[in-house]
There are 2 protein chains.
Amino acid sequence: MKKVSYSCGLDAAMDVVGGKWKALILWHLHAEPLRFGELRRRVGGISEKMLTQQVRELERNGVLHREVFEQVPPKVIYSLTEFGQTLNAALEPLGEWGHRHMETIEAMPRD
Amino acid sequence: MKKVSYSCGLDAAMDVVGGKWKALILWHLHAEPLRFGELRRRVGGISEKMLTQQVRELERNGVLHREVFEQVPPKVIYSLTEFGQTLNAALEPLGEWGHRHMETIEAMPRD
DNA sequence: ACAAGTACCCACTATTTTGTAAGTATGAAG
DNA sequence: CTTCATACTTACAAAATAGTGGGTACTTGT
């Protein structure tokens with residue numbers, strides 16, 4: 001979180017779920033809780049450092065829950081909180097849109 | 001646009017509307033076409049450079065339309081394309097969510 | 001004895017994104 | 001004749017974001 005006040009709801013929401021990975025992480029947790037490694041494999045392309053970092057922020061923001069099992073080898077399970085579920089639901093139309101226009105988006109000029 | 005293929009719709013959508021300003025710009029254009037200066041005032045806090053840059057990308061991506069009037073002083077009007085309108089519609093639940101949880105978001109730990 | 005697997009942390013570097021300040025053209029107003 | 005306004009552009013600086021390679025602790029399997 002960077003700002004303290006927002007010009008509108010979208011501004012605020014983007015501050016929570018913006019960035020390269022957060023939305024994706026939520027997305028992949030929508031069906032079931034996952035362990036760190038499994039989450040990493042599903043998100044794809046994310047480094048360990050980034051995943052820990054993003055997941056910790058999401059935890060601090062009350063979007064997801066982190067359950068640590070005191071074992072060796074370590075085991076940590078991530079799941080959406082209720083708050084996180086409402087956020088994920090709000091993200092769904094955007095995901096739908098992206099899905100529907102995937103080809104158009106892939107064909108967009110990149111530089 | 002950075003990627004050429006996406007793991008899911010949300011991934012793709014975030015690539016179009018991610019970043020600090022783009023979603024906000026779309027949002028403020030939802031009701032009516034606006035001139036550069038007016039758009040800038042409404043978005044608030046954005047520099048001229050950033051606005052031009054973001055708006056040009058959105059134009060290249062077919063999200064908004066840019067109409068130049070060959071006058072002095074210059075006049076340029078921005079409006080959503082139909083595509084942009086579908087995107088804005090998909091963004092609405094997220095904006096709603098942000099609006100509903102504004103206080104929670106503002107109270108989130110920032111560092 | 002030794003490598004493999006887990007979920008990290010740390011220091012460091014690279015890349016990307018964002019911001020700041022200045023300059024441009026032209027005409028109208030004072 | 002100087003200033004103001006518009007919608008930019010350019011060069012440069014700063015800040016945010018991302019990646020790399022190393023290390024850790026302990027257990028299980030070879």
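Keep in mind the model is a prediction, meaning the values are calculated, not measured. In what follows, every chain begins at residue 1, and chains take the letters A, B, ... in the order their sequences are listed.
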A side-chain contact here means heavy atoms from C-beta on lying under 4.5 Å apart; do Phe83(B) and Thr104(A) qualify? yes
Are the side chains of Gln53(A) and Trp21(A) in touch, meaning some heavy atoms are under 4.5 Å apart? no
Do Tyr6(A) and Leu24(B) touch side chain to side chain, with heavy atoms closer than 4.5 Å? no
Can you list, by residue number, the residues of residues 25-54 of chain A that have a non-hydrogen atom closer than 4.0 angstrom to DNA chain D? Lys49(A), Met50(A), Gln54(A)
Find out whether His30(B) and Glu92(B) are in side-chain contact, i.e. whether some heavy atom of one side chain is under 4.5 Å from a heavy atom of the other. no
Side chain proximity check, His65(B) to Leu80(B), heavy atoms < 4.5 angstrom: no
Using a cut-off of 4.0 Å on non-hydrogen atoms, how would the nucleic acid contact of Phe69(B) be classed: base, sugar-phosphate, or nothing? nothing
Nearest nucleotide by nearest heavy atom, which residue falls closer to the 5' end of DNA chain D, Pro74(A) or Lys75(B)? Lys75(B)
Step by step, would you call Glu32(A) with Arg42(A) a salt bridge (charged side-chain N to carboxylate O under 4.0 Å, His left out)? CA-CA 12 Å; Glu32(A) 36 175 356; Arg42(A) 302 221 188 167; 3.2 Å; yes
Whether Lys20(A) contacts dG19(D) is assessed here as follows: a side-chain N or O lying under 4.0 Å from the phosphate OP1 or OP2. Is that the case? yes
Strictly below 4.0 Å, N to O, side chains only: are Arg41(B) and Glu38(B) in salt-bridge contact? yes
Using a 4.0 Å cut-off to any heavy atom of chain B, which nucleotides of DNA chain C are the first and last in contact, reading 5' to 3'? dT17(C) to dG27(C)
Does the pair Glu67(B)/Lys75(B) count as a salt bridge with the N-to-O cut at 4.0 Å? no
Contacts of Arg56(A) and Pro73(B) projected onto DNA chain C by closest heavy atom; the upstream (5') one is Arg56(A)
